[in-house]
Amino acid sequence: QVQLVESGGGSVQAGGSLRLSCGFSNVISSGDCMAWFRQAPGKERERVASIYSDSGIGNTYYHDSVKGRFTISRAFNTLYLQMSSLKPEDSAMYYCAAVFGRSGGWCPADPPKYTAWGQGTQVTVSS
């Protein structure tokens with residue numbers, strides 16, 4: 001069972017930056033997806049960014065609303081989300097998630113497809 005632990009959330013003014021981190025307990029080898037989701041009050045959980053890793057392939061996905069502002073990356077046993085030019089509408093609880101043994105090169109969009117979740121970290125952006 002992989003354990004995911006997020007950190008790095010906080011409060012920032014619009015236009016500012018934050019970096020989220022997600023440490024995971026085991027080194028993930030191949031055919032694996034790691035993703036950042038977010039959920040604002042009264043809204044569905046949505047995939048913000050994901051990265052698929054298999055034999056050197058690292059396909060990434062970004063939600064249209066964060067393209068050019070957010071960057072997902074992975075280094076050994078930590079997943080990152082660098083967030084820049086933050087907007088009030090980016091305010092939400094952010095979750096790290098993972099699913100393993102995937103084929104096809106892309107990560108799923110649906111939260112139920114992910115088998116491991118972190119506890120979440122709050123991001124609040126004020127105008």
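In the hydrophobic cluster analysis, where Ile, Leu, Val, Met, Phe, Trp and Tyr join through side-chain heavy atoms closer than 4.5 angstrom, Met83 is grouped apart from Tyr80.
Remark: side-chain polar atoms of Thr121 are paired, donor with acceptor, to backbone N or O of Gly9 under 3.5 angstrom. Judged by distance alone, with hydrogens and angles left aside, the side-chain atoms of Glu6 form a donor-acceptor pair with the main-chain N or O of Gln119 at under 3.5 Å. Under the 3.5 Å distance criterion, the side-chain polar atoms of Asn59 are left unmatched by any main-chain donor or acceptor of Tyr52.
Annotation for Tyr61: hydrophobic cluster partners, listed by chain and number, are none (ILVMFWY side-chain heavy atoms under 4.5 Å, direct or chained). Membership of the apolar cluster around Val99 extends to Phe37, Met93, Tyr95, Tyr114, Trp117, as traced through chained side-chain contacts below 4.5 Å between ILVMFWY residues.
Here SG of Cys33 is found 9.5 Å from CD1 of Ile51. Values are rounded to the nearest 0.5 Å. Here the straight-line distance linking atom CZ of Arg74 with atom OG of Ser50 works out to 12.5 Å at 0.5 Å rounding. Note that CG of Leu20 is 13.0 Å distant from OG1 of Thr78, once rounded to the nearest 0.5 Å. With rounding to the nearest 0.5 Å, the separation of CZ in Phe24 from CG in Asn77 is 5.5 Å. Interatomic distance, Ser53 OG to Arg102 CZ, rounded to the nearest 0.5 Å: 13.5 Å. Expressed to the nearest 0.5 Å, how far SG of Cys22 lies from CD of Gln3 amounts to 11.0 Å.
Among residues two or more places apart in sequence or in another chain, the salt bridge (charged side-chain N to carboxylate O under 4.0 Å, His left out) test is passed with Glu89 by none. Under the salt bridge (charged side-chain N to carboxylate O under 4.0 Å, His left out) criterion, Lys67 pairs with Asp64, not counting sequence neighbours. Annotation: salt bridge (charged side-chain N to carboxylate O under 4.0 Å, His left out) contacts of Arg38 (sequence neighbours excluded): Glu46, Asp90. Remark: Ser85 engages Arg69 in a side chain to side chain contact (heavy atoms under 4.5 Å, CB included) (not counting sequence neighbours).
Scanning both residues, Tyr62 and Ala49, for their nearest heavy atoms gives CD2-CB, 3.7 Å. Of all heavy-atom pairs spanning Ala14 and Ser127, the tightest one is CB-CA, 4.3 Å. The two residues Cys96 and Leu4 have their closest heavy-atom pair at O-CD1, 3.6 Å. Shortest non-hydrogen contact noted between Met34 and Leu79 is CB-CD2, 3.8 Å. Nearest heavy atoms, Ser126 versus Pro88: C-CG, 4.5 Å. Annotation for Ala92 and Gln122: closest pair O-NE2, 3.3 Å, computed over non-hydrogen atoms.
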Run Leu18 and Leu86 through side chain to side chain contact (heavy atoms under 4.5 Å, CB included) and show every step you take. CA-CA 8 Å; Leu18 285 173; Leu86 283 161; 4.1 Å; yes
Side chain to side chain contact (heavy atoms under 4.5 Å, CB included) assessment of Gln82 paired with Ser73: CA-CA 8 Å; Gln82 178 67 47; Ser73 62; over 6 Å; no
Check step by step if side chain to side chain contact (heavy atoms under 4.5 Å, CB included) holds for Trp36 and Arg47. CA-CA 6 Å; Trp36 289 98; Arg47 182 176 52 150; over 6 Å; no
Show your working on side chain to side chain contact (heavy atoms under 4.5 Å, CB included) between Thr124 and Val12 and close with a plain yes or no. CA-CA 6 Å; Thr124 302; Val12 65; over 6 Å; no
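Applying the 6.0 Å contact sphere to CD of Glu44 captures no more than 12 heavy atoms from other residues, nucleotides or ligands.
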